[in-house]
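Only this structure's heavy atoms are used, side chains among them; waters, hydrogens and symmetry mates stay out.
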Amino acid sequence: MQERLDKARRLEALGVDPFGARFDGAEPIAALRERCPDEPLEDPTAAPAGRGAGRVMRYRDHGKVVFLDIADRTGVIQVYLRKNDIGDDAFAIVQLLDLGDHLGVAGTVQKTRKGEVSLFAESVAFLGKAMLPIPEKWHGLRDVEMRYRRRYVDLFANPDVRDAFVKRTGVIRDIRAFLDARGFLEVETPMMHPIVGGAAARPFITHLNALDMPLYLRIAPELYLKRLLVGGLERVYEINRNFRNEGMSPRHNPEFTMLEVYEAYGDYHSMMDLTEALFVELFSRYCGDTKVTYQGMEIDVAGPFRRAKYHDLFEEAAGFGFYDREQVIAKAKALDVFDAEAPYEKIANEVFEELVEVNLVQPTFVYDYPKAICPLTKAKRDEPEVAERFELFVCKMEIANAFTELNDPVDQEARFAAQVATKDDEAPGEIDHDYVRALAHGMPPAGGLGVGIDRLIMLLNDAASIKDVILFPFMRRIDEVPGAVDAADAEDEGAEDADGPGGMSGAGEP
RNA sequence: GGGGGCGUAGCUCAGCGGUAGAGCAGUGGCCUUUUAAGCCAUUGGUCGAAGGUUCGAAUCCUUCCGCCCUCACCA
């Protein structure tokens, strides 16, 4: 650290700003590499000109020749620097380089005698000093805690990580394109809700000072999107964050990204078709046309996906029916999921989760759920105990949830009232009367779909943890001691800051 | 919250009762085609924290902190 500060001063003495400035005309390194002639040239002056910038990741000093590798967002390229080519002044700057610094290079693109694609430097521009060292060159940054807490290091030290997040963005862009092409309108609905709704989960609570009222970070956008169906937007979707104040796990982050889609005049079968088309397209684009491996599980993604009724799967796995109370309760007790307080359907659903869900490796649409566990879903006309709902499971993960939307305001109000009456701390505390009023204005029959985007990206990236697909996953706060930069400054400035962390930013008061 | 595991140099890791180690990174040299460059020399540690056991603790015990896995929770 101190040594790097000294180098920064020595750069200043050479008339170089240690934190650089604008550098125009740099090509992506991947593009430079593509333009490189296939073989070393007889006449090196014939090589194409090239200009690149990036972070110095390797440095091989040969005296009056230096090889270094610079990396940008697209790749890595070797830079070949000869004192004769760039001159004494520029070479003095090169000798002050540290791993992690940013450097701009202008020269020609050609292969070295050993065949390495290289940027043969004619001039260099110092673009920025790194005061802290980069991780070990061979292993990178492995410590998972550091990788999550200091993603900025993880991203430049581990190219796979950067690629995974670039892929994430690509997937989301493709989802938008897929829906846009089918006439769906992307919208933004409130993230702060006066009434919790659209799912069953504990919310984060906040407060709006201006109106002196409590607000909740949304647990789902559902009720607002369906208001838009009433408004006549007919086909809408939203991709954005939901917040749930619940347990964290490799598949749960307190804030997570959800896609919700609503299609007027559709139903859960139309959403099943839409979901299947989207997933088949994404799998084939990002993984492979037919087979995908996730965490050692090989799945067939060519489609069509298996479609199986909830009750059939239940019976197939259990050997008895969903409403065979005695056997179901006995099984629940045997599986240690029996809860004497819970309604029957909830207990039976626990049995379903234990017996069926944990085995759903191949992509499977499970449909026709018991109505009692689906408060926002329309019941089947000829089977009033069955809700028109499906969930898509892939590799034992619930990845999508969809249903034919309940659009009867009277029924909806009754179901809300029943929820509120349960006193379940995950049920809404009050009825959303405005939502009921919206339905009363006439919501078209519709299919609605929710897709956990983070989990989908996990599948596409073969990521074991949701933290591997979220740039800055939630981590418990740790009180940082003042960083190396502050400490060195304090040393430098003398005793003024010697009273320690109290005066430092970051670790103290919000 | 329960159970299990981990925490040693900037990074990746050995060491597991007897003087704190290696590689990489760093620092000083040599070298005008190397690529995990090489060669010589060298700096660097409250062994996560605090107690305890012991002649002696990175090592054994207790508590705490953080992370990972797992269970619970999570339509």
Side-chain angles (χ1 to χ4, degrees), chain A residues 1-4 6-7 40 44 57-69 76-86 91 98-100 110-118 120 130-150 153-154 157-158 198-202 219-220 222 244-254 256 310 336-337 339 342-343 345-346 349-350 352-353 357 366 369-377 387 389 391 398 401 403 419 424-427 450 452 464-465 467 473 475-481 483-484:
Chain A
M1 180 71 207
Q2 190 56 50
E3 280 148 357
R4 293 200 178 201
D6 290 343
K7 283 187 184 174
M57 298 303 287
R58 303 286 176 85
Y59 189 97
R60 296 179 289 280
D61 183 353
H62 288 251
K64 296 184 181 65
V65 168
V66 170
F67 296 90
L68 51 83
D69 295 350
V76 183
I77 193 168
Q78 172 169 276
V79 177
Y80 175 51
L81 295 133
R82 294 203 318 162
K83 194 173 185 181
N84 285 2
D85 294 338
I86 64 172
F91 203 74
D98 283 304
L99 298 183
Q110 30 183 321
K111 280 192 174 173
T112 59
R113 278 181 219 155
K114 296 283 176 66
E116 180 70 30
V117 174
S118 302
F120 283 53
M131 292 295 174
L132 294 171
I134 66 173
E136 208 254 359
K137 63 182 176 185
W138 192 240
H139 299 95
L141 185 66
R142 289 278 185 79
D143 183 277
V144 290
E145 182 174 356
M146 284 304 173
R147 288 188 40 234
Y148 298 147
R149 287 192 190 276
R150 302 186 188 168
V153 178
D154 191 26
N158 299 320
R202 289 182 192 83
I219 59 172
E222 170 148 356
R244 295 187 184 178
N245 202 345
E246 290 176 343
M248 294 168 59
S249 83
R251 281 166 297 284
H252 300 266
N253 197 62
F256 62 99
Y310 182 97
D336 201 25
V337 294
D339 176 1
E345 286 83 357
K346 196 160 180 185
N349 188 54
E350 292 287 335
F352 180 85
E353 288 178 8
E357 286 190 4
V366 178
Y369 274 67
K371 178 183 148 188
I373 58 173
C374 313
L376 296 163
T377 309
R389 172 186 180 184
E391 292 193 356
E398 175 195 339
N401 179 20
F403 32 86
Q419 270 188 309
D424 183 337
D425 56 1
E426 289 188 357
S465 170
K467 287 187 165 76
M475 301 288 278
R476 187 185 300 273
R477 168 180 166 164
I478 51 175
D479 288 330
E480 299 261 11
V481 295

To the nearest 0.5 Å, tell me how far [X] [atom1] sits from [Y] [atom2].
X: A:D69; Y: A:R60; atom1: CG; atom2: CZ; result: 4.5 Å
X: A:E136; Y: A:L141; atom1: CD; atom2: CG; result: 11.0 Å
X: A:E246; Y: A:I219; atom1: CD; atom2: CD1; result: 8.0 Å

What's the [atom1]-[atom2] distance between [X] and [N], to the nearest Å?
X: A:E350; N: B:C73; atom1: CD; atom2: C1'; result: 10 Å
X: A:D143; N: B:C13; atom1: CG; atom2: C1'; result: 12 Å
X: A:D336; N: B:G2; atom1: CG; atom2: P; result: 18 Å
X: A:Q2; N: B:G10; atom1: CD; atom2: P; result: 16 Å
X: A:E222; N: B:A75; atom1: CD; atom2: P; result: 13 Å
X: A:E398; N: B:A75; atom1: CD; atom2: P; result: 9 Å
X: A:D61; N: B:C30; atom1: CG; atom2: P; result: 10 Å
X: A:R113; N: B:A37; atom1: CZ; atom2: C1'; result: 15 Å

Any sub-3.5 Å donor-acceptor pair from [X]'s side-chain atoms to [Y]'s backbone N or O?
X: A:R113; Y: A:P40; value: no
X: A:E345; Y: A:K371; value: no
X: A:S118; Y: A:F120; value: no

Non-hydrogen side-chain atoms of A:Y369 and A:E391 separated by less than 4.5 Å: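 Yes; the side chains approach each other to less than 4.5 Å.
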Parallel, tilted or perpendicular: rings of A:Y310 and A:F352 (30°, 60°):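 Parallel.
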Considering only the [atom1] atoms, how many Å lie between [N] and [M], rounded to the nearest integer?
N: B:C61; M: B:C69; atom1: P; answer: 25 Å
N: B:A49; M: B:A58; atom1: C1'; answer: 14 Å
N: B:G66; M: B:G10; atom1: P; answer: 22 Å
N: B:C40; M: B:C47; atom1: C1'; answer: 31 Å
N: B:U12; M: B:U46; atom1: C1'; answer: 22 Å
N: B:G44; M: B:G23; atom1: P; answer: 16 Å
N: B:A75; M: B:G7; atom1: C1'; answer: 38 Å
N: B:A22; M: B:G45; atom1: C1'; answer: 14 Å

Which part of the nucleic acid does [X] contact within heavy-atom distance under 4.0 Å: base, sugar-phosphate only, or nothing?
X: A:E246; answer: sugar-phosphate
X: A:K111; answer: nothing
X: A:N84; answer: base
X: A:F256; answer: nothing
X: A:A157; answer: nothing
X: A:M146; answer: nothing

Nearest-nucleotide 5' precedence on RNA chain B, A:R60 against A:G63: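 Closer to the 5' end of RNA chain B: A:G63.
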Of A:R389 and A:A464, the one whose closest RNA chain B nucleotide lies more 5': A:A464
Nucleotide nearest A:E116 (side chain, heavy atoms from C-beta), chosen from B:U32, B:U35, B:C11: B:U35
Pairs satisfying salt bridge (Lys or Arg N to Asp or Glu O under 4.0 Å), at least one member in residues 77-86 of chain A, at least two apart: A:R82-A:D85
Side chain to side chain contact (heavy atoms under 4.5 Å, CB included) evaluation trace for A:R389 with A:N401: CA-CA 7 Å; A:R389 172 186 180 184; A:N401 179 20; 3.0 Å; yes
Complement of [N], any strand, by Watson-Crick or G-U distances under 3.5 angstrom:
N: B:C55; result: B:G18
N: B:A72; result: none
N: B:C64; result: B:G48
N: B:U27; result: B:A41
N: B:A36; result: none

CG/A:D339: more than 12 non-hydrogen atoms of other groups inside 6.0 Å: yes
Check against side chain to side chain contact (heavy atoms under 4.5 Å, CB included), A:V153 and A:M146: CA-CA 8 Å; A:V153 178; A:M146 284 304 173; over 6 Å; no
Residues that A:R142 engages under side-chain contact (heavy atoms from CB on, under 4.5 Å), provided they are two or more places apart: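 A:R142 satisfies side-chain contact (heavy atoms from CB on, under 4.5 Å) with A:H139 only.
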Neighbours of RNA chain B within residues 247-254 of chain A, by heavy-atom distance under 4.0 Å: A:G247, A:P250, A:H252
Any A:R149 side-chain N or O less than 4.0 Å from OP1/OP2 of B:C67: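 Yes, within the criterion.
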Any A:R476 side-chain nitrogen or oxygen under 4.0 Å from OP1 or OP2 of B:G66: yes
Modelled atom types, side-chain donor and acceptor of A:E353 and A:N349, under 3.5 Å: yes
Using nucleotides 21-27 of chain B, report all nitrogen or oxygen pairs with the protein that are shorter than 3.5 Å.
| unit_1 | atom_1 | unit_2 | atom_2 | d |
| --- | --- | --- | --- | --- |
| B:C24 | O3' | A:K137 | NZ | 3.4 |
| B:A25 | OP1 | A:K137 | NZ | 3.2 |
| B:G26 | O2' | A:E3 | OE1 | 2.7 |
| B:U27 | OP1 | A:K7 | NZ | 2.3 |

Which atoms of nucleotides 4-8 of chain B (N or O only) lie under 3.5 Å from a protein N or O atom, and what are those distances?
none

Heavy-atom donor-acceptor pair, A:R142 side-chain to B:U12 base, under 3.5 Å: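 No such pair is found, so the answer is no.
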Listed partners of A:F91 passing ring-ring contact (aromatic ring centres under 6.0 Å, His included), at least two apart: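 Residues passing ring-ring contact (aromatic ring centres under 6.0 Å, His included) with A:F91: none at all.
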